[in-house]
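Heads up: the structure comes next, in structure tokens.
Values below: every heavy atom of this structure, side chains too, minus hydrogens, waters and symmetry copies.
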Amino acid sequence: MSYIMPTPSTPRQSKLLTLLTRYFSLNITILFYTLLAGCSALPNSGQQWDKSVTQGQLSNGLTYYLYDSGNANDPFNIRLIVNAGSVDETGYAGVAHMVEHMVFRKTYAHPESLHSYFTTLGWSTGKQINALTRESETQYMLRTRVNDSLDLPSSVALMGDIAFGASFDEADWLQEKKVILEEWRRGESTASRINRLKKDQMRHDSRYVNRPTIGTEESILSTPIVEIKNFYKRFYVPANMTLIISGHINKQTAINAIEQHFGQVKKSPAPKRDYVELPLAPQLHIGKVQSTKGTTAAVVFGFRSALAQQNSKERKLDQLVRYFLRKLMRNQVIRDRALLNDKKISLRLEQPTNNRIVAALVMRTQNHDEALPLLLEEAQRLKHFGVDKTEFNALKAEAYSILQRQLKNGADNRDYKAWEDKITNAVIAGKVLQNSREKARQQILLLNSITLEQLNDRLKELLNAPDQFLYYQIPDGIEVPLPTATTVRQLQANAGNALKPTVAYQVSIAEQEQQAEPITLPPITLYPEGEIRRFNRIPATRDAAAISQWSLDNGDSIVWLEQPTADNKLYINVVTDTGFDNRTQSPMLSQIAVQLWQQTPPTGWSEAQWKLMPQWSWVYKSQQLSLGAVITPAQLPKLLDTYRIQLQEGHIAAEGLPSVKSDLLRHLSSANKNHISEAMAQLKYPSQINVLDDSTVADIDVPMLEALAKEVLTQPVTFYVVGALPQEVDELWTQKVASLPRRKTLVAAPLMQQSGHHLKELALYDSPKMQVMFEGYTQLEWSPEQAFLVSSLAELTQSALKQRLRLELAGIYNIRFDLTLNPATNHAEMALSFFCAPERRNELLTAAQQVLQNMPQWLKKQDLTPLISNIHYAEQQRLALGATWLKRLELSDHRYGNGHYLEHVRNLPSLVTHQSLATLAEHIFPLQNSATVIAKPKGEND
């Protein structure tokens with residue numbers, strides 16, 4: 001319900017209401033312009049777009065933005081933005097999203113359908129072509145590759161076909177609505193329903209309410225094709241569109257193509273869309289959020305207000321003010337929990353539309369009537385005491401430091417993809433995309449003008465906004481009466497009585513250390529030197545650069561590919577040959593121990609001191625612990641110091657253990673529920689899953705975890721390095737690595753899926769949907785070359801599955817598919833998963849299995865040219881990266897003990913032939929062993 005000022009029935013009431021309304025408006029105006037009183041000294045609103053971006057507009061109203069990266073190694077991206085979304089719908093819900101789907105069916109230029117056309121190009125939706133529908137706009141994205149199937153003019157023509165050429169065939173719609181229904185089914189859940197209801201409360205009395213972007217089950221099934229076509233005709237006009245092209249382009253070629261394929265469309269006025277912004281009024285809206293199966297209880301009280309005109313100097317200052325308030329108000333409310341018996345109160349400051357701002361206080365509680373006055377009290381406390389001065393000064397200093405760095409760096413170090421995103425965000429928000437240096441300069445001027453008093457004035461304005469809303473979130477099956485407007489207003493009037501002061505900000509130890517200058521590092525412990533047991537150098541051969549190999553007397557090895565990298569850095573990975581799946585340790589406890597060890601600074605080091613050292617990136621997997629780094633050659637000695645110090649002087653801090661144990665108990669509680677992933681693990685590995693219980697968690701202590709971590713960290717390792725080989729590197733190995741204590745105690749115990757074919761069903765979902773998971777393996781000896789072929793087969797198999805299950809049978813929205821060759825088990829392992837209607841599960845699972853079984857025959861009929869072209873392009877991109885050579889060095893050493901795999905990496909695409917793929921598919925499919933888990937709606941009969 002909403003409480004809105006009543007329509008006056010007498011002249012006296014009319015005069016009173018006018019005065020009251022003026023009072024509300026005057027309050028906002030006075031506060032807002034008090035805040036902006038100092039703006040005359042600030043930069044004016046004449047902001048200019050970054051000169052790197054070319055802007056233009058055709059005579060029919062289409063706007064375009066072009067960015068040329070100037071890098072011949074870059075492809076180009078095209079993005080079409082149509083100002084049309086679910087907020088523009090007046091009848092059936094989801095029509096904007098239906099249009100987005102239908103434009104990829106038949107068009108006048110491609111009556112075979114764009115999906116079929118993409119296949120001939122070697123493109124796939126979700127990769128080279130994609131689209132999304134939001135509440136206020138729809139976007140179409142085209143991602144090309146260098147020397148792709150379509151050049152720039154042809155790509156612009158394709159976008160023009162999407163924008164104006166869709167034919168909206170009735171038969172196509174009958175198929176596509178099934179796909180959309182599956183997309184709806186996949187996303188439909190208690191959480192999604194509640195999230196929509198919460199948004200509806202915040203955006204009450206607007207066109208956004210009851211307008212889910214995807215539509216509803218009823219609207220998807222009942223919307224006629226003419227409704228979709230009419231929406232397309234009305235909103236897909238040039239004046240309602242923006243085209244963005246970014247990458248390596250000739251701008252004049254781009255403009256000519258835009259004029260040819262977009263400029264020939266007749267001029268039509270852009271639709272009037274004055275409903276996009278939330279309507280504001282002096283009111284108190286009161287509502288509730290309650291949905292089937294909902295369990296969360298909360299109270300939310302919010303304030304809605306308008307923002308200054310976009311790109312004005314007032315808006316730029318206010319944007320910076322709100323940056324501070326968003327952090328300061330949030331942090332203050334969290335600290336003030338101490339005044340409310342630690343009740344979970346929080347504050348959100350968000351922008352639901354371009355020109356509206358919402359401040360909302362939230363408390364999760366089962367006692368709604370108790371929470372409401374506490375929320376109102378906190379609002380009064382914030383207004384009365386304001387934000388913390390010390391925290392504001394610290395945050396302001398941090399912001400100033402960031403802006404100074406941006407000003408110093410000057411250049412925009414974005415790639416063409418980041419430029420596309422930046423331009424898109426600016427266009428959608430109605431902003432000007434400024435040069436980074438100029439923007440930083442202006443923001444420093446704004447920052448210098450901001451005072452604590454201005455922030456507190458703006459805070460009061462936000463929390464005094466006359467457009468207010470309250471809603472109770474209530475669990476399913478519980479009745480909670482809503483308060484009346486009179487009750488709420490009385491509570492507001494009393495909220496300021498006997499206010500306790502806000503809780504003061506305390507500077508943390510870490511912040512104190514950062515503020516203290518300079519930070520001195522502890523002395524590096526000198527350990528006895530070790531020895532190099534053996535050295536070998538393999539000369540450069542074919543594609544492989546020379547490789548130097550060292551064997552140290554502690555059992556460690558170093559394998560160094562002497563290949564300079566594009567950025568002149570060293571790429572390093574240090575790996576063990578066992579991971580958390582070993583015969584000795586609990587996998588979960590082992591992971592926890594290693595993670596806590598890595599997160600704790602070594603003995604004698606503060607966090608601030610440790611951060612000054614070069615850092616390793618830790619990744620702990622089932623069969624391997626790896627520590628990776630990318631550094632300059634000059635950093636190598638200190639990086640090795642970091643490694644040694646963390647291994648020999650590391651420990652686990654006791655302070656964080658209680659929260660870790662608490663999180664672990666919550667995880668175990670969640671894992672014990674009927675989740676499909678847990679069901680699949682139990683089905684595949686019935687006697688191998690090591691599950692912790694509450695008593696085991698209770699016994700966890702620091703010595704136990706430290707013992708586990710130390711055992712993992714003392715396993716022998718191999719250092720893999722790619723980059724130019726520096727002089728006197730031998731001394732680094734003897735001084736910093738060779739004397740590290742090593743002891744081989746852990747033996748790998750990879751999980752082995754049980755043989756045979758197994759099926760399990762479980763009732764899981766509250767909505768009418770079913771999830772099918774089909775996983776399994778076939779024995780296949782691992783080699784890096786074979787793994788490369790398997791990955792190529794995986795791409796084609798996924799394409800065949802998508803073609804059959806989505807485009808032909810219209811039974812799914814998308815499919816998750818993975819096919820890999822596991823070196824630890826010598827298994828070709830496959831995982832397939834999709835959501836579908838309950839009544840179609842057997843049909844679609846059978847269809848998927850038939851696709852797999854028929855892959856050898858299907859492959860022989862395919863034109864592999866697009867796939868091989870994709871592989872060549874992907875390989876060209878990969879081989880330019882030091883990380884690729886590092887990984888392949890590791891694979892080659894693992895398989896051959898030398899650089900054999902690297903010798904012919906540039907010829908890997910030649911391995912992909914009809915015969916090689918068909919032979920491989922015939923060996924793998926049908927799977928020799930499988931596990932199928934079907935998660936169905938609760939209450940469904942078997």
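- Residues meeting the salt bridge (Lys or Arg N to Asp or Glu O under 4.0 Å) test with Asp766, sequence neighbours left out: Lys938.
- A salt bridge links Arg840 to Glu843: at least one charged side-chain nitrogen sits closer than 4.0 Å to a carboxylate oxygen.
- Sorted by first and then second residue, the salt bridge (Lys or Arg N to Asp or Glu O under 4.0 Å) pairs involving residues 229-239 (not counting sequence neighbours) form an empty list.
- Scanning both residues, Leu917 and Val912, for their nearest heavy atoms gives CD1-CG1, 3.6 Å.
- In plain terms, the two heavy atoms of Ser155 and Ile78 that are nearest each other are CB-CD1, 3.7 Å.
- The side chain to side chain contact (heavy atoms under 4.5 Å, CB included) check on Arg134 picks up Leu132, Glu137, Gln139, Ile428, with sequence neighbours excluded.
- Atom CE in Met680 sits 4.0 Å away from atom CD in Glu775 (nearest 0.5 Å).
- Considering only residues two or more places apart in sequence or on other chains, Arg816 meets the salt bridge (Lys or Arg N to Asp or Glu O under 4.0 Å) condition with none of them.
- Between the side chains of Gln252 and Asn256, at least one donor N or O sits under 3.5 Å from an acceptor N or O.
- Residues passing the ring-ring contact (aromatic ring centres under 6.0 Å, His included) test with His101 are His97, sequence neighbours excluded.
- Within 6.0 Å of CG on Asn147 lie no more than 12 heavy atoms contributed by other residues, nucleotides or ligands.
- By the 4.5 Å heavy-atom criterion applied to side chains, Ile258 and Leu66 are counted as neighbours.
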Applying side chain to side chain contact (heavy atoms under 4.5 Å, CB included), run through Phe262 and Val156 and close with a yes or a no.
-> CA-CA 9 Å; Phe262 283 81; Val156 173; 3.9 Å; yes

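- For Lys251, the NZ atom sits in a packed shell: over 12 heavy atoms of surrounding residues, nucleotides or ligands are nearer than 6.0 Å.
- With values rounded to the nearest 0.5 angstrom, Ile676 atom CD1 is found 9.0 Å from Ile934 atom CD1.
- Using modelled atom types, one finds no donor on one side chain facing an acceptor on the other under 3.5 Å when comparing Ser69 with Asn71.
- The pair Asp172-Lys106 meets the salt-bridge criterion, since a charged nitrogen lies less than 4.0 angstrom from a carboxylate oxygen.
- Arg193 and Thr190 form a side-chain donor-acceptor contact under 3.5 Å, judged by distance and modelled atom types alone.
- A donor-acceptor pair shorter than 3.5 Å can be found between the side chains of Asp151 and Ser154.
- Arg211 has no carboxylate O lying under 4.0 Å from a charged side-chain N of Glu135, or vice versa, which leaves the two without a salt bridge.
- The side chain to side chain contact (heavy atoms under 4.5 Å, CB included) search around Arg143 returns Asn77, Arg79, Met141, Glu420, not counting sequence neighbours.
- Donor-acceptor pairing under 3.5 Å is lacking for the side chains of Glu188 and Tyr765.
- Atom CD of Gln55 has more than 12 heavy atoms from other residues, nucleotides or ligands within 6.0 Å.
- Side-chain rings of Tyr232 and Phe168 approach one another, their centers coming within less than 6.0 Å.
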Can you check side chain to side chain donor-acceptor pair (under 3.5 Å) on Glu829 and Thr820, steps first, answer last?
-> CA-CA 5 Å; Glu829 297 173 346; Thr820 56; 4.5 Å; no

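- In terms of heavy atoms, Leu844 sits closest to Ile812 at CD1-CG2, 4.2 Å.
- Annotation: side chain to side chain donor-acceptor pair (under 3.5 Å) contacts of Arg145 (sequence neighbours excluded): Asp148, Asn870.
- At least one side-chain heavy atom of Val53 sits less than 4.5 Å from a side-chain heavy atom of Trp419.
- For the pair Glu182 and Val179, the minimum side-chain heavy-atom distance is 4.5 Å or more.
- To the nearest 0.5 Å, atoms CD (Glu259) and CG (Asn60) are separated by 10.0 Å.
- The number of heavy-atom neighbours closer than 6.0 Å to NZ of Lys422, taken from other residues, nucleotides and ligands shown, is 12 or below.
- Checked by atom type, the side-chain pair Lys802/Thr125 shows a donor-acceptor distance below 3.5 Å.
- Nearest approach of Gly215 to Trp184, heavy atoms of both residues: O-CD1, 3.8 Å.
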For side chain to side chain contact (heavy atoms under 4.5 Å, CB included), just list the numbers for Val146 and Asn73, CA-CA rounded to whole Å, side-chain angles, deciding distance to a tenth of an Å, and then say yes or no.
-> CA-CA 7 Å; Val146 176; Asn73 293 321; 5.6 Å; no

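- Using a 3.5 Å distance cut-off with no hydrogens or angles, the side chains of Ser833 and Gln771 do pair a donor with an acceptor.
- Lys51 pairs by the salt bridge (Lys or Arg N to Asp or Glu O under 4.0 Å) definition with nothing, not counting sequence neighbours.
- Between Glu875 and Arg888, at least one side-chain N (NZ, or NE/NH1/NH2) sits under 4.0 Å from a carboxylate O, which counts as a salt bridge.
- Listed by first then second residue, pairs satisfying salt bridge (Lys or Arg N to Asp or Glu O under 4.0 Å) with a partner in residues 93-102 number zero, not counting sequence neighbours.
- Side-chain contact check for Ser167 and Asp169: no donor-acceptor pair (N or O, by modelled atom type) lies under 3.5 Å.
- With sequence neighbours excluded, no residue forms a ring-ring contact (aromatic ring centres under 6.0 Å, His included) with Trp123.
- When all heavy atoms are compared, the tightest approach of Ala566 to Ala880 is CB-O, 4.2 Å.
- Side chains of Ser116 and Ser113: a donor on one and an acceptor on the other come within 3.5 Å.
- A heavy-atom distance below 4.5 Å is found between the side chains of Tyr140 and Met159.
- Atom CD1 of Ile815 sits about 4.5 Å away from atom CG of Leu801, to the nearest 0.5 Å.
- A donor-acceptor pair shorter than 3.5 Å can be found between the side chains of Tyr275 and Asp88.
- With sequence neighbours excluded, the residues satisfying side chain to side chain contact (heavy atoms under 4.5 Å, CB included) with Gln849 are Phe774, Leu845.
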Side chain to side chain contact (heavy atoms under 4.5 Å, CB included) between Asp421 and Tyr416, intermediate numbers included | CA-CA 9 Å; Asp421 291 337; Tyr416 73 98; over 6 Å; no

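- Residues Pro866 and Thr120 approach most closely at CG-O, 4.1 Å, considering heavy atoms.
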Verdict with supporting geometry, Leu150 and Leu142, side chain to side chain contact (heavy atoms under 4.5 Å, CB included) | CA-CA 11 Å; Leu150 297 184; Leu142 191 157; 5.5 Å; no

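- To the nearest 0.5 Å, atom OG of residue Ser189 and atom CD1 of residue Ile194 are 8.5 Å apart.
- Judged as a side chain to side chain contact (heavy atoms under 4.5 Å, CB included), and not counting sequence neighbours, the contacts of Ala270 are Ala239, Asn240.
- Atoms CG and NE2, on Leu158 and His110 in that order, are 6.5 Å from each other to the nearest 0.5 Å.
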